[in-house]
Amino acid sequence: MEAINVDNIKAQMRKGILEYCILSILSKGDAYASVIINELKDSEMIVVEGTLYPLLTRQKNQGLLTYRWEESTQGPPRKYYVITEKGRAVLEELDIVWNNLVKAIYNIRNK
């Protein structure tokens with residue numbers, strides 16, 4: 001019988017919802033990558049820059065977010081990511097999907 005790697009299952013679950021989390025964070029205000037990473041870490045959604053940047057690039061290419069450069073008093077200019085109207089519409093859809101998923105899992109677990 002194959003051993004179950006619970007850590008791998010947890011990592012896959014987190015990976016599947018990271019894009020939703022990124023849109024949720026940006027819906028509250030523009031942010032640069034370090035702020036996004038810190039907010040994810042504060043919520044115990046551990047992620048590293050090597051994981052975050054490809055997701056941000058994919059979301060940008062899909063038109064869900066854009067970015068702007070802003071001068072920083074603490075070093076080089078920072079790239080601030082901004083959710084687009086399309087990103088907000090997708091986030092609204094994902095909110096519905098997430099809420100339905102949570103209800104379905106609750107129903108399954110409590111039957």
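Bear in mind that the values here come from a model prediction, so they are computed numbers and not experimental data. For this chain, numbers begin at 1 and follow the sequence in order.
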Run the side chain to side chain contact (heavy atoms under 4.5 Å, CB included) test against [X] and tell me which residues pass, sequence neighbours left out.
X	answer
Trp69	Tyr67, Pro77, Lys79
Ile96	Asn100
Arg14	Lys10, Met45
Asn38	none

For Ser24 and Leu91, work out which heavy atoms get closest and say how close.
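Heavy-atom minimum between the residues: OG-CD1, 3.5 Å.
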Those residues that, when tested against Gln12, pass side-chain hydrogen bond (donor to acceptor under 3.5 Å, both in side chains) (two or more places apart)
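Expected list: none.
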Sequence neighbours excluded, which residues qualify as side-chain hydrogen bond (donor to acceptor under 3.5 Å, both in side chains) partners of Gln62?
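Checked Gln62 against side-chain hydrogen bond (donor to acceptor under 3.5 Å, both in side chains); zero matches.
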What about Trp98 and Leu64, same hydrophobic cluster or not, with Ile/Leu/Val/Met/Phe/Trp/Tyr joined at side-chain heavy-atom distances under 4.5 Å?
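Yes, it is one cluster - the side chains of Trp98 and Leu64 are joined through contacts under 4.5 Å.
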In the single-linkage hydrophobic clustering (I, L, V, M, F, W, Y; side-chain heavy atoms under 4.5 Å), do Ile37 and Ile17 co-cluster?
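Yes, it is one cluster - the side chains of Ile37 and Ile17 are joined through contacts under 4.5 Å.
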Thr57/Asn61 under side-chain contact (heavy atoms from CB on, under 4.5 Å): CA gap, chis, key distance, verdict
CA-CA 6 Å; Thr57 298; Asn61 291 342; 3.7 Å; yes
Residue pairs passing the ring pair (Phe, Tyr, Trp, His ring centres under 6.0 Å) test where at least one lies in residues 39-59, sequence neighbours excluded
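Of all non-adjacent pairs touching residues 39-59, none passes ring pair (Phe, Tyr, Trp, His ring centres under 6.0 Å).
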Any non-hydrogen side-chain atom of [X] less than 4.5 Å from a side-chain atom of [Y]?
X	Y	value
Leu52	Ile22	yes
Asp95	Tyr20	yes
Leu18	Thr51	yes
Val90	Leu23	yes

Under the salt bridge (charged side-chain N to carboxylate O under 4.0 Å, His left out) test, which residues partner Asp30, sequence neighbours left out?
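Per chain and number, Asp30 pairs via salt bridge (charged side-chain N to carboxylate O under 4.0 Å, His left out) with Arg68.
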Donor-acceptor contacts under 3.5 Å from residues 104-111 side chains, at least two apart:
| residue | atom | partner | partner atom | Å |
| --- | --- | --- | --- | --- |
| Asn107 | ND2 | Lys103 | O | 3.3 |
| Asn110 | ND2 | Tyr106 | O | 2.7 |

To the nearest 0.5 Å, what is the distance between CD on Glu39 and OG on Ser34?
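Those atoms lie 13.0 Å apart.
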Say you draw a straight line from SG of Cys21 to CG of Leu55; how long is it, rounded to the nearest 0.5 Å?
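Rounded to the nearest 0.5 Å, the SG-CG separation comes out at 10.5 Å.
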Pair listing, salt bridge (charged side-chain N to carboxylate O under 4.0 Å, His left out) test, anchored in residues 47-62, at least two apart
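Listed by first then second residue: Glu19-Arg58.
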Only pairs at least two apart or in different chains count here, so list each side-chain hydrogen bond (donor to acceptor under 3.5 Å, both in side chains) that has a residue in residues 80-93.
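Listed once each, the pairs would be none.
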Before giving the answer on side-chain contact (heavy atoms from CB on, under 4.5 Å), spell out for Leu56 and Ile36 the whole-Å C-alpha distance, their side-chain angles and the decisive distance to 0.1 Å.
CA-CA 10 Å; Leu56 290 169; Ile36 296 169; 4.2 Å; yes
Before giving the answer on side-chain contact (heavy atoms from CB on, under 4.5 Å), spell out for Ile25 and Ile83 the whole-Å C-alpha distance, their side-chain angles and the decisive distance to 0.1 Å.
CA-CA 9 Å; Ile25 291 167; Ile83 191 169; over 6 Å; no
